[in-house]
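Quick notes on the structure that follows.
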Amino acid sequence: MLGAGVIGASVARAMAKAGHDVLTLDRNAGVGDGSTGASAGIIRVHASDSQSSALAADSLIAWNRWGEFLDADDSEELARFVTCGSLILDAANGFTQRAAAAMREAEVPFQEWTLQEMTQRFPYIDFHRFGPPTSIEDEAFWGEPTQYLSGALYTPQSGYVADPTLAAVNLMTAARRAGARLRMSSTVARINLVGERVIGVTLTDGTEIGADAVVVVAGPHSDAILTHIGATADFRVHTRRLREELLHVAAPPEMDLGLQGVHLVDGDLNINFRPDGASAFLGGSNGDLVDEQTVIENPDQFDRMTTAAAWERGTLRLARRIPNLGIPRERSGVVGLYDAAEDWLPIYDRTRFDGLFVAMATSGTQFKNAPIIGDLLRHIVEREMNGHDHRDEPFRSPVSDREYSTAQFSRLREPREDQSRG
Ligand SMILES: Cc1cc2nc3c(=O)[nH]c(=O)nc-3n(C[C@H](O)[C@H](O)[C@H](O)COP(=O)(O)OP(=O)(O)OC[C@H]3O[C@@H](n4cnc5c(N)ncnc54)[C@H](O)[C@@H]3O)c2cc1C
């Protein structure tokens with residue numbers, strides 16, 4: 001296993017539990033210190049397609065019973081899932097209709113709220129229509145709104161995990177309990193092949209490690225590691241690394257977000273914020289292209305400081321929605337990299353080389369699915385190592401009676417056009 005982020009740890013757990021001999025390598029000193037550590041940890045069940053919605057709903061079962069899911073012992077410090085609900089505003093761009101259809105098909109419960117219901121439940125939020133989203137430099141941003149939003153979807157079961165790194169540590173502890181081995185501070189320099197088959201990896205210190213199968217779960221570094229040996233040559237879905245800023249904004253002092261907070265998905269202003277405990281919001285852009293995307297070539301070289309531009313944009317937009325918000329001058333936040341596919345779906349698949357697998361392009365959305373994705377990768381690896389095409393047999397959820405087609409995550413899929421970020 002190459003990578004000990006939340007997905008790598010989950011795959012290690014599932015493989016070890018199934019009796020495989022697993023060694024996880026990571027170049028960092030700590031588990032979950034890659035893009036997992038920058039994650040907002042939002043666990044939301046709405047999505048653009050029914051399978052993504054179902055996967056999140058299944059993962060929610062695991063997040064809600066985290067200790068039981070992991071077979072953790074009582075002394076273990078566990079990541080905590082906080083239920084706060086998601087309010088998905090109807091931004092008149094078709095997204096809420098698509099998400100509603102997807103949840104209906106996936107049999108994921110949700111509610112459709114009128115403006116009156118939204119206002120009664122969240123009186124501190126201004127539900128005027130400010131959109132379509134504009135730059136804050138645009139005069140239209142400052143105009144006085146005259147209309148109100150028509151409604152929203154509400155999923156009371158959604159929420160967040162405040163400490164994503166701890167969740168990865170928990171998964172890796174469970175993997176080790178099941179027999180997996182872990183070697184940190186070990187950087188993989190090269191994946192080794194004989195002909196079309198993988199035989200192991202070489203570390204930067206020259207150590208060679210043999211393996212029947214290698215699973216690359218290296219987050220934003222995956223693409224470079226694979227491209228180096230030509231393993232992405234047949235990919236039909238393209239990926240790129242995008243710099244993403246999360247802002248940590250103090251809530252008005254009179255508010256208790258533990259009681260009044262909600263995960264606000266606001267395509268009308270292009271923001272996406274969740275409560276962070278009782279007294280702050282954490283979030284940023286909702287992914288509308290009105291904000292320019294920063295593509296990063298080298299995943300080891302990017303600005304890790306919150307920029308003034310992102311801070312102003314995010315806080316001013318949030319202040320339009322929450323008029324009592326004071327805007328602190330001091331910037332606070334987290335910066336990370338999305339390993340993003342052009343259609344915003346992950347790639348969970350084999351590669352053109354026998355024994356070489358990938359869990360990559362997690363596109364800013366897969367922390368929430370980590371508990372289930374470990375087993376999904378196990379299904380892919382076991383099917384392929386036994387000479388079958390993993391797409392021919394559905395993957396059965398370990399926590400429900402749902403079945404999934406792994407073809408949706410194939411490197412060979414035609415990029416879907418109906419997906420959206422956020
Ligand atoms: C700012 C931000 C906000 C996000 N918010 C959410 C959210 O709210 N909800 C959600 O569901 N998802 C969210 N995501 C996405 C989610 O965090 C990721 O999908 C997930 O963490 C990816 O985990 P991973 O294990 O695949 O990768 P990573 O956590 O990046 O782990 C990859 C590991 O590989 C190791 N590695 C890399 N190269 C090598 C090498 N050569 N040798 C050895 N080891 C190597 C790295 O050290 C790293 O530990 C967000 C992501 C970002 C960046």
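In listed order, ligands and their atoms are each counted from 1.
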Check: residues 377-385 side-chain donor-acceptor pairs under 3.5 Å, at least two apart:
from, atom 1, to, atom 2, distance (Å)
R378, NE, D375, OD1, 3.0
R378, NH1, E382, OE1, 2.9
R378, NH2, D375, OD1, 3.3
H379, NE2, E393, O, 3.1
E382, OE2, H20, NE2, 2.8
R383, NH1, E393, OE1, 2.6
R383, NH2, E393, OE1, 3.4
E384, OE1, R350, NH1, 3.1
E384, OE2, H390, N, 2.8

Taking a 3.5 Å cut-off between nitrogen or oxygen atoms, can you list every pair linking ligand 1 to the protein, with distances?
from, atom 1, to, atom 2, distance (Å)
ligand 1, 5 (N), S39, OG, 3.4
ligand 1, 5 (N), A40, N, 3.1
ligand 1, 8 (O), G41, N, 3.3
ligand 1, 8 (O), I42, N, 2.9
ligand 1, 9 (N), I42, N, 3.4
ligand 1, 9 (N), I42, O, 3.0
ligand 1, 11 (O), T365, O, 3.1
ligand 1, 11 (O), F367, N, 3.0
ligand 1, 11 (O), K368, N, 2.8
ligand 1, 12 (N), G364, O, 3.3
ligand 1, 12 (N), F367, N, 3.3
ligand 1, 14 (N), G364, O, 3.4
ligand 1, 17 (O), S39, OG, 3.2
ligand 1, 19 (O), T362, OG1, 2.7
ligand 1, 21 (O), T36, N, 3.4
ligand 1, 21 (O), T36, OG1, 2.9
ligand 1, 23 (O), T36, OG1, 3.3
ligand 1, 25 (O), V6, N, 3.3
ligand 1, 25 (O), I7, N, 3.1
ligand 1, 29 (O), S35, N, 3.4
ligand 1, 29 (O), T36, N, 2.9
ligand 1, 29 (O), T36, OG1, 2.5
ligand 1, 30 (O), S35, N, 2.9
ligand 1, 30 (O), S35, OG, 2.5
ligand 1, 41 (N), V188, O, 3.0
ligand 1, 42 (N), V188, N, 2.9
ligand 1, 44 (N), R27, N, 3.1
ligand 1, 47 (O), D26, OD1, 2.7
ligand 1, 47 (O), N28, ND2, 3.1
ligand 1, 49 (O), D26, OD1, 3.3
ligand 1, 49 (O), D26, OD2, 2.6

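Just one of R236, R391, R411 meets the salt bridge (Lys or Arg N to Asp or Glu O under 4.0 Å) condition when paired with D349; it is R411.
Note: W66 and F69 have parallel aromatic rings, judged against thresholds of 30 and 60 degrees for the angle between ring planes.
A72 pairs by the side chain to side chain contact (heavy atoms under 4.5 Å, CB included) definition with L70, E76, L78, R177, not counting sequence neighbours. Listed by chain and residue number, R27, H221 satisfy the side-chain hydrogen bond (donor to acceptor under 3.5 Å, both in side chains) test with D300 (two or more places apart in sequence, or in another chain).
Checked against the 6.0 Å centroid threshold, F127 and W113 do not count as a close aromatic pair.
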